[in-house]
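To start, the structure under review is shown below, and the notes come after it.
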Amino acid sequence: MTTLDAGDAQHALELAGIVAFALSGATLAIRKGFDAVGIVLLALLTALGGGVIRDLLIGATPPAAFRELELLVLPVVAALVAMVAHPVINRLFRVVLLLDAAGLALFSVTGTLIAAEAGIDPVQAAVLGIVTCVGGGVLRDVVARETPVLVRADSDLYAVPAALGAGLVSALEQAGAYTPTAGLLAASAVFLLRVAAMAFDWRAPVARRPRRAAER
Amino acid sequence: MTTLDAGDAQHALELAGIVAFALSGATLAIRKGFDAVGIVLLALLTALGGGVIRDLLIGATPPAAFRELELLVLPVVAALVAMVAHPVINRLFRVVLLLDAAGLALFSVTGTLIAAEAGIDPVQAAVLGIVTCVGGGVLRDVVARETPVLVRADSDLYAVPAALGAGLVSALEQAGAYTPTAGLLAASAVFLLRVAAMAFDWRAPVARRPRRAAER
Amino acid sequence: MTTLDAGDAQHALELAGIVAFALSGATLAIRKGFDAVGIVLLALLTALGGGVIRDLLIGATPPAAFRELELLVLPVVAALVAMVAHPVINRLFRVVLLLDAAGLALFSVTGTLIAAEAGIDPVQAAVLGIVTCVGGGVLRDVVARETPVLVRADSDLYAVPAALGAGLVSALEQAGAYTPTAGLLAASAVFLLRVAAMAFDWRAPVARRPRRAAER
């Protein structure tokens with residue numbers, strides 16, 4: 001229902017996205033010198049945080065992360081694997097970034113659909129789709145005491161592709177024209193935009209005439 | 001119902017308060033060198049965060065910010081205006097501070113009323129009134145990696161005027177003596193107290209005999 | 001129902017745990033040079049944050065902290081006492097650490113039971129038990145801009161004893177074998193493990209081969 005209805009392949013990609021999000025949390029925790037508790041915590045927050053915030057906002061309690069056991073187990077396993085294999089994961093960072101882009105793409109679509117099906121109006125549903133894919137990363141960076149990658153001027157476009165996908169899906173859903181095929185196309189567009197943003201260093205604009213003492 | 005029932009003037013002031021909160025988030029984001037995504041995010045968090053937390057705590061999902069479109073649109077517009085016009089906004093900071101005080105005053109009253117009407121007991125309703133007006137600023141500062149202004153010893157009274165207004169409204173509501181006129185008077189008192197605190201640098205007390213290595 | 005059913009002694013210990021959590025928040029705020037608002041805020045967040053997050057996740061709104069007045073009043077009183085008596089409290093830090101361990105132990109058990117009784121599955125209920133006892137401390141550290149003690153490699157085991165207690169209680173509850181006596185034994189085990197961890201500096205493992213530029 002709340003999926004793209006494309007079956008097993010899509011479900012596998014969603015779980016791959018969860019794992020990629022978890023690995024990004026775990027590797028940051030390792031880089032910061034956190035202990036095993038911190039590594040597991042950051043993996044869980046990054047992988048599940050966005051969806052949990054969305055579910056709380058639409059009143060769907062307990063959130064999916066506390067209903068479907070695999071959603072809770074996968075990030076913990078990813079964190080433990082990262083603890084012993086992080087040099088390998090660091091070498092595979094391009095693969096992790098691609099899986100992360102897949103997660104971003106799929107969750108922007110499914111997050112929007114879940115919100116729309118809960119009766120949320122179109123614009124707000126798209127916002128909740130964006131929250132689904134970027135919320136976890138913000139929680140990760142706040143707990144790790146990093147400036148959120150999401151807001152950094154030197155980070156490649158991340159929320160913008162998600163916003164385009166979420167907006168498109170919400171408009172189609174609102175017009176009664178949403179189909180699983182359209183969802184897959186929207187997710188593909190988000191994925192390609194994100195990959196292109198990384199390849200060509202596309203960035204969001206900053207404020208006009210930034211003040212001198214900008215970065216403190 | 002959950003308003004001061006003073007009609008259009010009050011509604012306009014509430015929206016002005018939302019805009020002032022959004023501008024304080026956007027200008028902090030600009031000062032920190034964040035990109036457009038960060039500027040919009042901080043505007044939304046600051047303007048809507050307190051009300052969203054209150055609504056989640058009283059179980060009113062989706063929160064007002066995800067039901068009334070203008071609440072979501074206004075902070076985004078304010079953020080975009082701030083991106084191009086922030087030198088002007090910086091020169092108008094006294095106006096923004098006055099609008100912020102108006103927001104503080106109105107939301108301490110309406111936040112308390114919304115909680116009381118949801119069946120929350122008096123003391124807790126007043127606390128939720130305070131949460132409504134200070135929650136967004138704390139989220140703003142946490143995401144921007146600043147020590148929350150709310151807790152800084154060198155910041156003028158902010159939560160204290162809100163607490164007085166929220167407590168007064170909650171007591172009147174509990175006694176069955178609340179009227180829209182009383183609400184407007186309470187909001188006016190909060191506003192004047194906040195403005196006086198800024199004018200005369202009134203501050204909250206700190207701990208007795210602060211330790212030597214206090215601020216790190 | 002959601003308690004260990006051991007009556008007044010247990011209730012007194014729970015309130016002592018709340019006070020200990022509040023004191024840890026208040027003393028951190030004092031050490032950071034925060035004002036009275038910050039001291040009260042950190043006391044409340046630390047004492048009540050974990051339970052509030054759990055209640056939001058299981059859909060139990062308003063959270064207990066906004067239903068039972070003593071839960072809100074006690075941390076405020078503890079914060080005000082800390083403001084004038086923090087040199088005494090600093091000298092009594094071993095007592096505070098023992099009360100904190102008692103809070104950790106009791107809340108890992110009662111938090112798990114509350115989640116299980118809300119219909120949450122066993123593994124997830126145990127996770128919510130852990131969230132109950134560690135969530136407040138993470139909020140405290142995030143607002144105070146400290147690396148969360150929970151994730152620091154140089155902190156003694158805290159979440160691990162809680163996880164063992166929560167897991168044990170959840171397994172017993174699932175097997176229909178939970179009794180108040182079992183709950184008290186589980187809490188005692190958590191308490192003793194935590195005290196032993198502090199006495200012998202037991203720590204959680206870190207990642208294999210930490211990278212050179214680990215702690216920034």
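For the numbers below, each heavy atom of this structure counts, side chains included, while hydrogens, waters and symmetry mates do not. Keep in mind it's a predicted model, so treat the numbers as computed, not measured. Residue numbers begin at 1 in each chain, while the letters A, B, ... track the order of the sequences.
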ask   = Which is it for Leu193(B) and Leu157(B) under the side chain to side chain contact (heavy atoms under 4.5 Å, CB included) test, yes or no, and what are the steps along the way?
value = CA-CA 8 Å; Leu193(B) 262 173; Leu157(B) 288 187; 5.9 Å; no

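- When heavy atoms are compared at a cutoff of 4.5 Å, Val127(B) approaches chain C solely by way of its side chain, counted from C-beta outward.
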request  = Step by step, work out the side chain to side chain contact (heavy atoms under 4.5 Å, CB included) result for Asp121(B) and Phe66(C).
outcome  = CA-CA 8 Å; Asp121(B) 285 341; Phe66(C) 290 87; over 6 Å; no

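- Salt-bridge check for Asp156(B) with Arg203(B): passed, with a basic side-chain N closer than 4.0 Å to an acidic carboxylate O.
- Interface remark: Leu150(B) contributes backbone and side-chain atoms alike to the contact with chain C (heavy atom separation under 4.5 Å).
- Of the listed residues (Val52(B), Leu71(B), Leu72(B)), just one forms a side chain to side chain contact (heavy atoms under 4.5 Å, CB included) with Leu44(B), and that residue is Leu72(B).
- Interface residue Leu69(C): backbone and side-chain heavy atoms are both found under 4.5 Å from chain B.
- When each of Leu80(C), Asp55(C), Val40(C), Leu56(C) is checked for heavy-atom pairs under 4.5 Å with chain B, Leu56(C) comes out on top.
- The line from CD1 of Ile120(B) to OG1 of Thr112(B) is 11.5 Å long, rounded to the nearest 0.5 Å.
- Highest contact tally toward chain B, considering only Ala144(C), Ala65(C), Pro63(C), is held by Pro63(C) [criterion: heavy-atom pairs under 4.5 Å].
- Looking at Thr147(C) and Arg152(C), their side chains never bring a donor and an acceptor atom within 3.5 Å of each other.
- Note: Leu128(B) leads Leu128(B), Asp154(B), Asp141(B) in heavy-atom pairs under 4.5 Å with chain C.
- Residue Val73(C): no heavy atom, backbone or side chain, is found under 4.5 Å from chain B.
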